[in-house]
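For reference, the structure is listed below as structure tokens.
Read the numbers this way: they start at 1 and go in the same order the structure lists the ligands and their atoms. Start at 1 with the first residue, then count along the sequence.
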Amino acid sequence: MARTVTTTTDGAEMLALGRLLALTVAGQVPAESVQFTDDGARLQWLGEGALEVTPANGQDTGLDLVLSAGVHGCELIPIELLDRLIQAIGRNEIRPRARLLLLFCNPPAMRQGVRRVGSDLNRLFCGRHADNLSDEASRAAQLEAWVAQFFSESGRRRWHYDLHSAMRASKLPQFAVCPWVPDREVSTESLLRLRQAAVEAVLVQEKPSGTFSAHTATRHGAEAFTLEMAEAAEGTWPDCLDGFLQAARHWIEAAPSGQLHMQQPPKAFRLSREIIKRSERFALRLPADIENFTALPIGTLLAEDEGVRWVVEEPDAHILFPLADVAIGERAGLIVVPRG
Ligand SMILES: O=C(O)CCC(=O)N[C@@H](CCC(=O)O)C(=O)O
Ligand SMILES: [Zn+2]
């Protein structure tokens, strides 16, 4: 049985496939595409950046869990979080009792440390790659194909957490975006599970989008979220990142969820308005370092564009994802308000 191992700095043995991040960034094909942990979990390299894990015989508890990161190559914290989880599986420290699909989504952007090389990958899912000939469109199609194969068995629970980082401080350090699914309200249990992972807020979307989590939610019925992980200034590691790692470990090991019902669900927001960049004259009129979820008094000027001024009209408004450096026609910020 194939079993290339390396030794980590603390002397522990690590399966070569536990180094998926290093393989992906180096553009290497592993010598062995299938490996087994000491406990018998099966790791299979599917292609660049993609690893499928099958629990050892008799250990599968019926959950299909997708964890993805690196859709935007400059978002380093989520990439590190996923790497830590994969390495822990490769060292047999985390013992999977769920099927896993672990994805580093955008290797070219990760290599360059940029949000995107060409098109924004996270706008090309739900089939939106179809009329697009870019490399990102092919990657979106490939990711969709892996997910479709992974979720092909009916009757199993399906979860997907797509890990991102908003690249700015946030009044609510860790938050989620819940994609819109026709005729489906987000389940209380999945919201409580977010809280368990140290997620403090959730933006509940009310219209379709082309994100990866929207794809798995709408096409595969998965409980899917984009998670915006907390920022960590150099040399720091906020507790909520460990909170997420601990929760993810519990999900992978199918550990009892404990006092889930005792948790308060995250604070819910809905989208009031999307600020769309219409021309090269677009300018944000907010401080460059404004934190996500900063409250916006009525009358605040947010942005100006050709013939348009974005001024706050709604009570209890907050800013999310302000970013002027986007393509024309794309979102340059969101005005969100508490939900119901
Ligand atoms: O847009 C930002 O400021 C960076 C964070 C980020 O990449 N967010 C995701 C949100 C996806 C969603 O709405 O589910 C994105 O913009 O793709
Ligand atoms: Zn992102």
Side-chain angles (χ1 to χ4, degrees), residues 66-82 103-107 109-110 112-126 128-129 136 139-140 143 160-181 186 190 194 199 201-219 222-231 266 268-277 284 286 288-294 302-303 318-327 329-336:
V66 180
L67 293 173
S68 52
V71 163
H72 297 130
C74 58
E75 297 173 8
L76 301 183
I77 296 287
I79 293 170
E80 174 166 354
L81 292 168
L82 185 56
L103 299 169
F104 290 115
C105 294
N106 193 345
M110 288 166 58
Q112 293 184 35
V114 295
R115 181 177 167 90
R116 59 177 178 192
V117 175
S119 311
D120 189 334
L121 180 60
N122 215 22
R123 305 291 178 269
L124 292 172
F125 292 95
C126 302
R128 292 182 190 193
H129 52 77
E136 290 79 11
R139 184 66 177 173
L143 291 164
H160 175 204
Y161 298 93
D162 184 31
L163 312 184
H164 286 249
S165 167
M167 307 296 284
R168 68 174 57 240
S170 178
K171 300 281 183 208
L172 300 165
Q174 212 147 248
F175 59 98
V177 181
C178 175
W180 175 79
V181 179
V186 57
S190 66
L194 289 180
V199 170
V202 58
L203 170 64
V204 182
Q205 293 283 32
E206 293 173 348
K207 61 176 190 149
S209 75
T211 63
F212 197 13
S213 62
H215 177 79
T216 51
T218 56
R219 305 291 165 100
E223 287 187 12
F225 296 92
T226 305
L227 294 192
E228 300 288 351
M229 311 316 300
E231 288 303 319
F269 290 84
R270 66 175 175 80
L271 177 64
S272 175
R273 275 186 293 156
E274 224 171 2
I275 303 171
I276 303 291
K277 178 169 175 172
L284 274 179
L286 292 167
D289 60 353
I290 191 166
E291 295 185 17
N292 276 325
F293 290 104
T294 297
L302 301 176
H318 298 72
I319 190 71
L320 202 56
F321 301 142
L323 188 67
D325 183 22
V326 295
E330 283 187 6
R331 175 198 87 193
L334 302 179
I335 305 168
V336 301

Quiz item: Considering only heavy atoms, does Met167 approach ligand 1 within less than 4.0 Å through its side chain, its backbone, both, or neither?
Solution: neither

Quiz item: Counting distance only, does the side-chain N/O of Arg219 pair as donor-acceptor with the main-chain N or O of Cys126 below 3.5 Å?
Solution: yes

Quiz item: Does the side chain of Ser170 pick up a donor-acceptor pair with the side chain of Glu231 at under 3.5 Å?
Solution: no

Practice problem: Under 4.0 Å from a heavy atom of Ala166: give me the atoms of ligand 1 that qualify, with their elements. | Solution: 3 (O), 4 (C), 5 (C)

Practice problem: Report the nearest protein non-hydrogen atom to atom 14 (O) of ligand 1: residue, atom name, distance rounded to 0.1 Å. | Solution: Thr226 OG1, 2.6 Å

Quiz prompt | Heavy-atom nearest neighbour of atom 5 (C) of ligand 1 within options Arg123, Arg116, Glu228, His164 | solution = Glu228

Practice problem: Please work out which of Glu330, Gln205, Arg331 has its closest non-hydrogen atom nearest to atom 1 (O) of ligand 1. | Solution: Arg331

Quiz item: Quick one: which ligand 1 atoms are inside 4.0 Å of a heavy atom on Ser165?
Solution: 4 (C), 5 (C)

Quiz prompt | Thr211 backbone acceptor or donor facing Asn122 side chain under 3.5 Å | solution = no

Quiz item: Going by heavy atoms in the side chains, are Arg139 and Asn106 under 4.5 Å from each other?
Solution: no

Self-check item: Residue Asn122 vicinity, atoms of ligand 1 by number, heavy atom under 4.0 Å
Solution: 11 (C), 15 (C), 17 (O)

Exercise. Tell me which protein heavy atom sits closest to atom 3 (O) of ligand 1, plus the residue, atom name and distance to 0.1 Å.
Key: Phe321 CD2, 3.4 Å

Practice problem: Compare all side-chain heavy atoms of Phe269 with those of Leu320 and state whether any distance is below 4.5 angstrom. | Solution: no

Quiz item: So, does Leu323 sit close enough to ligand 1 that a heavy atom of it is under 4.0 Å from the ligand?
Solution: no

Quiz item: Between Leu121 and Arg116, is any pair of side-chain heavy atoms under 4.5 Å apart?
Solution: no

Quiz item: Of the protein's non-hydrogen atoms, which lies at the shortest distance from atom 4 (C) of ligand 1, and what is that distance?
Solution: Arg115 NH1, 3.3 Å

Quiz item: Are side-chain N/O atoms of His160 and Ser213 paired as donor and acceptor at under 3.5 Å?
Solution: no

Quiz prompt | His164 ND1 and His72 ND1 subtending at the Zn ion (ligand 2) (10° steps) | solution = 100°

Quiz item: Can you tell me if Glu75 has an N, O or S atom under 2.8 Å away from the Zn ion (ligand 2)?
Solution: yes

Quiz item: Sub-3.5 Å donor-acceptor pair from the side chain of Glu228 to the main-chain atoms of Ala166, do we have one?
Solution: yes

Quiz prompt | Residue, atom name and distance, where the atom is the protein heavy atom closest to atom 13 (O) of ligand 1 | solution = Val177 CG1, 3.6 Å

Quiz prompt | Contact check, Arg168 vs ligand 1, heavy-atom distance below 4.0 Å | solution = no

Quiz item: Does some side-chain heavy atom of Leu323 sit less than 4.5 Å from a side-chain heavy atom of Arg331?
Solution: no

